[in-house]
> 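Sharing a structure here in structure tokens format.
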Number of protein chains: 2
Amino acid sequence: MRSVAKGAAGRTARLCRPEYPAIAPLAAPPAAPRGAVPAGAVSDRALPLNEILIGDTIAQMAALPAGSVDLVFADPPYNLQLGGELKRPDESRVDAVDDHWDQFESFAAYDAFTRAWLLAARRALKPNGTMFVIGSYHNIFRVGALMQDLGFWILNDIVWRKANPMPNFRGRRFTNAHETLIWAARSADSKYTFNYEALKAGNEDVQVRSDWLFPLCTGQERLKDEKGRKLHPTQKPEALLARVLLSSTKPGDVVLDPFFGSGTTGAVAKRLRRSFIGIEREETYAEAARARIAAVEPLPEEALVAPPSAREAPRVAFSALVERGFVTPGAELTDAKGRFRAVVRADGTISLADSPNVGSIHRVGALAQGAEACNGWTFWHVEEEGRRHPIDILRARLRAEMGIAAE
Amino acid sequence: MRSVAKGAAGRTARLCRPEYPAIAPLAAPPAAPRGAVPAGAVSDRALPLNEILIGDTIAQMAALPAGSVDLVFADPPYNLQLGGELKRPDESRVDAVDDHWDQFESFAAYDAFTRAWLLAARRALKPNGTMFVIGSYHNIFRVGALMQDLGFWILNDIVWRKANPMPNFRGRRFTNAHETLIWAARSADSKYTFNYEALKAGNEDVQVRSDWLFPLCTGQERLKDEKGRKLHPTQKPEALLARVLLSSTKPGDVVLDPFFGSGTTGAVAKRLRRSFIGIEREETYAEAARARIAAVEPLPEEALVAPPSAREAPRVAFSALVERGFVTPGAELTDAKGRFRAVVRADGTISLADSPNVGSIHRVGALAQGAEACNGWTFWHVEEEGRRHPIDILRARLRAEMGIAAE
DNA sequence: TGAACGGATGAATCCTACA
DNA sequence: ATGTAGGATTCATCCGTTC
């Protein structure tokens, strides 16, 4: 209790000055948005936006005003139950997640913990808010059942298919090649946010499915400690968080992450001009997360403008390139001769320069030329090292990288 | 209770005459196979093989001998509003799902039903048996949590990615493009069947992952009623069942399907020369399933022979190689690069050069490298005609000579 | 400069026959 | 039941070094 009170007190002084400017009211007004909120359910107390609260996540959530966040993204302990150590065929040791925070005495203990943080998160959610929880077969069934018991309304279960999972070294099971996300509304009657058109437009004009393919978080993206070892055992890829936030929030929305860890949620939220509230028990992680987030540059607002309404039927096609970093939101596209220019947006649509037109690469290409139709993949070009390439080659690169995994 | 007794009595007369011949003993002997079974746990009563039992699935399972089936494949009802079997433990009926209370009541009823059939299935399983359960986000979390509570040991959760899912018409969610299977052993110490090598060999020599891609059951495969409408609402594709059976059973094994429906499990079991026990409440479905299964031709036995598996090959001691003259005492062994040397001794041990260490090929190999363990068969090499071969090929020669290598 | 190669590593409930 | 020893087992990707 002490730490909660202290955290709350320490916060209030800074609340009016978030670390970086909140979103310009482009699409949705930032104040009191998103549907009616029952009187009394929401405190007027300001939120500790874009901060990391240190301490017990349940207590910290309890100290937040009720009904105040638009989205919860939670990556709770998985309660792995590992036996001895596991070695690869070459006798090297697998660096398993054996941290103390992942150890629970029993299913009952894990359930009690899960129930408590789920309740606290549900309290913090706006009535129309939604929540993502990620887990593996070790814990996700318990989490899902408890969510249903507590009144959450499951909208989808989503499969993160790992492009490069760790193999099964002993050949005794199927390669554990995915994790599961549960996406749920606070209740069955929530009027939740789902950016259907933008997602579809960024996915070759096909609805986004419940199975997502992303590589693990490795290489440059993976945070390292001073000795070059991974800083956090379970850092999630930014591409995964980007799809989560782009699908279920608007610019300016508030995202709560009760298991903040290395701060992926905060970094992506800042880049996409959402606000975040992180809760983390270990100061070491929080410190690294702060530095990480400070280095993030929010995308240009034009890259995040809410997509056109369904009636305007955007025809877009390349959000995967954006999510995966093959094109940067804000990057400029031109036609082969440089007569037309457009800017890439984070959701995979593009906006034509000197005009209000926003839409898919195909539609905006047609608009620019005054033509009825246009293949955006060959019409639009990016400049790399002084040379213009059609964006189709970026798509080819992505396909090459995905290899067989993309099927 | 009446139906149970009747079902059991009606069965016994036919039990000794399965519909089609049981498997020839290709890979595994059909009688009393697959590990020790605690005395008293298994009844000697014959099983109703390759039949469809009509009636309540829990009662019918309870009438089966305990510890008698190798695999359970279960496709339980997903929908909480299915009515019928959804009753409270006191047999009162559950009202419509309107508000939270009823929702809770409904979940409780579903849980009670699930727990009951899971317990009955677990009782029917051999100690080393495994179970697959398929479901969607509506029910799979409850099923999975209950399985863990009842002592099942989850081996994998598997995602059936639908190649051609039904689109989401209202555009309010991600396309629900997958279903989840849970694969679990009866208990954590089960010595379960997993045909790792065969699966890998059939998958471009890469181990099979936890995400499987199959089309829905449509077209010719989909059973139709006399009016041309689909006979059963949730008929599963045979390809899915084939992978389930091929991964976790041997020819001749007994597969129990407590929600038999249109009989996909039976049809695939027959084709793959496994035996099945189906339980189905509705005679209409059972009738169609019987006709369907009768038309199935079992695959030729040669098509079902398991590929050789190093794990299952008979053990050959290194001393046997020495005794049989495949290696001469005093011969020199080296590692692949010739950095370490050892001398073969007459008793099948080896001694490391320039050291007092004597022991098995494995122990001395580990010692030489300073490793904890070592597979001496692949580590140590002999020189023949100027070329180095791992001593494993000498073992293969001995096995060939013994006539075992064919299997 | 680039290709080729070797080493490292990722939320992992990862063996089994025999004494 | 428990301990000991035999011996079977990995995919995609990134990074640094070598050729």
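Quick note on labels: first sequence line is chain A, next is B, and so on, each numbered from 1.
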> Does Gln207(B) reach a base, just sugar-phosphate, or nothing at all? Heavy atoms under 4.0 Å.
sugar-phosphate
> Kindly confirm or rule out a cation-pi arrangement of Arg395(B) over Phe326(B), judged by NZ or CZ under 6.0 Å from the six-membered ring centre and within 45° of its axis?
no
> Just compare dC14(C), dA12(C), dT10(D) and give me whichever is closest to any side-chain atom of Asn168(A).
dC14(C)
> Could you tell me how far apart Asn203(B) (CG) and dA12(D) (P) are, to the nearest whole angstrom?
10 Å
> Between Phe169(A) and dC14(C), do the rings stack, that is, sit under 5.5 Å apart with planes less than 30° off each other?
no
> What integer distance in Å separates His138(A):NE2 from dA12(C):C1'?
6 Å
> Syn or anti for dT9(D), taking syn as within 90° of 0?
anti
> Please state how far atom CD1 in Ile350(B) lies from atom C1' in dG7(D), giving the value in whole angstrom units.
14 Å
> Contact class for Glu197(B) vs. all strands (heavy atom < 4.0 Å): base, sugar-phosphate, or nothing?
sugar-phosphate
> What is the ring orientation for Trp183(B) with Phe194(B), classed by angle as parallel under 30°, tilted 30 to 60°, or perpendicular over 60°?
tilted
> Should His362(B) be listed as having a side-chain N or O under 4.0 Å from OP1 or OP2 of dG7(D)?
yes
> Whole angstroms only, please: what is the CZ-P distance between Arg399(B) and dG7(D)?
9 Å
> Within 45° of the six-membered ring axis of Phe107(A) and under 6.0 Å from that ring's centre, is NZ or CZ of Arg142(A) located there?
yes
> Tell me the interatomic distance from Arg363(B), atom CZ, to dT4(D), atom C1', rounded to whole angstroms.
10 Å
> When we call it a touch if two heavy atoms are under 4.0 Å apart, what does Leu155(B) touch: a base, just sugar-phosphate, or nothing?
nothing
> Mind checking whether Trp212(B) and Phe214(B) have parallel, tilted or perpendicular rings, split at 30° and 60°?
perpendicular
> Look at all strands and tell whether Lys236(A) reaches a base, only sugar-phosphate, or nothing, counting heavy atoms closer than 4.0 Å.
base
> Ala373(B) near the nucleic acid: base, sugar-phosphate alone, or nothing, with a heavy-atom cut-off under 4.0 Å?
base
> Classify the nucleic acid contact of Arg229(A) as base, sugar-phosphate or nothing, counting any heavy atom under 4.0 Å across all strands shown.
nothing
> Name the stems that DNA chain D belongs to, where each is three or more consecutive Watson-Crick or G-U pairs with both distances under 3.5 Å?
C:2-10 with D:11-19, C:15-19 with D:2-6
> If you check every side-chain atom of Lys200(B), which of dG6(D), dT10(D), dA11(C) has the closest atom?
dT10(D)
